[in-house]
Amino acid sequence: MSLSGIFDTAGSGMNAQSVRLNTTASNIANAETASSSADTVYRGRHPVFAAVQAGYMQGQVGALDDEQEMGVQVMGIVESDAPLQRRYEPGHPQADEEGYVHYPNVNIVEEMANMISASRSFQMNVEVMNSAKQMVQRVLQLGQ
């Protein structure tokens with residue numbers, strides 16, 4: 001793997017974790033957003049990732065040319081299909097005709113765990129880039 005490949009791989013990982021952090025922040029920000037209808041309530045969102053050149057990552061060196069891309073690709077963001085929360089709050093301004101208020105299907109504990117995991121993954125990709133940069137600098141110093 002070339003050094004540019006290392007930088008590309010770490011960069012794609014940082015991009016993927018940034019998307020994950022942003023969707024997690026959006027979920028947390030909307031966790032207690034009330035709605036009078038199940039159709040209009042906020043639904044938790046989660047990014048979908050795919051490994052690019054998974055064969056190379058598993059040690060199948062012949063599966064990759066130097067020009068091919070590798071790393072992580074964000075395939076999209078999907079809405080959670082977990083059940084929504086329906087609470088009986090007849091005095092709430094958003095209550096429906098039966099007195100129920102609909103809340104998002106966001107679990108704050110899970111979202112905080114996702115945020116910690118994404119933050120640490122981002123930090124690890126930064127460390128990979130810093131290590132590669134230090135190696136390049138040492139090689140250049142050898143040539144002097």
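Below, each value reflects all heavy atoms present in this structure, side chains not excepted, and no hydrogens, waters or symmetry copies.
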Query raised in the report: Any side-chain donor-acceptor pair under 3.5 Å between Ser26 and Tyr42?
Result: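 A pair is found: one side chain offers a donor N or O, the other an acceptor, under 3.5 Å apart.
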If we ignore hydrogens and angles and just use 3.5 Å, is the side chain of [X] paired with the main-chain N or O of [Y] as donor and acceptor?
{"X": "Ser131", "Y": "Glu127", "value": "yes"}
{"X": "Ser117", "Y": "Asn114", "value": "no"}
{"X": "Asn105", "Y": "Gly44", "value": "yes"}

**Report entry** Given Val19, Ile77, Val78, the one that forms side chain to side chain contact (heavy atoms under 4.5 Å, CB included) with Val48
**Finding:**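 Going through the options one by one, the only one that passes is Val78.
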Query raised in the report: In a check of side chain to side chain contact (heavy atoms under 4.5 Å, CB included) between His46 and each of Glu79, Arg20, Glu111, which one passes?
Result: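 Going through Glu79, Arg20, Glu111 one by one, the side chain to side chain contact (heavy atoms under 4.5 Å, CB included) with His46 is satisfied by Glu111 alone.
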Roughly how far, to the nearest 0.5 Å, is [atom2] of [Y] from [atom1] of [X]?
{"X": "Ser12", "Y": "Gln73", "atom1": "OG", "atom2": "CD", "value": "9.5 Å"}
{"X": "Glu110", "Y": "Ser80", "atom1": "CD", "atom2": "OG", "value": "8.5 Å"}
{"X": "Gln85", "Y": "Asn107", "atom1": "CD", "atom2": "CG", "value": "8.5 Å"}
{"X": "Gln134", "Y": "Arg138", "atom1": "CD", "atom2": "CZ", "value": "5.5 Å"}
{"X": "Thr33", "Y": "Asn27", "atom1": "OG1", "atom2": "CG", "value": "10.5 Å"}
{"X": "Asn30", "Y": "Arg43", "atom1": "CG", "atom2": "CZ", "value": "13.0 Å"}

Query raised in the report: Is there a path from Met115 to Ile108 through hydrophobic residues (I, L, V, M, F, W, Y) whose side chains come within less than 4.5 Å of each other?
Result: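 As far as the 4.5 Å side-chain criterion goes, Ile108 and Met115 are connected within one cluster.
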Nearest heavy-atom pair of [X] and [Y]: which atoms, and what distance?
{"X": "Val101", "Y": "Ala34", "answer": "CG1-CB, 3.5 Å"}
{"X": "Met14", "Y": "Val126", "answer": "CE-CG2, 3.8 Å"}
{"X": "Pro90", "Y": "Ala95", "answer": "O-CB, 4.1 Å"}

Requested in this report: Tell me who clusters with Val41, hydrophobic residues only, linked when side chains sit under 4.5 Å apart either directly or through other members.
Outcome: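 Direct or chained contacts put Val41 with Leu84.
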Query raised in the report: Which pairs pass side-chain hydrogen bond (donor to acceptor under 3.5 Å, both in side chains) with one or both residues in residues 88-98, sequence neighbours excluded?
Result: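 Applying side-chain hydrogen bond (donor to acceptor under 3.5 Å, both in side chains) to every pair that reaches into residues 88-98, excluding sequence neighbours, yields Arg86-Glu98, Glu89-Tyr103.
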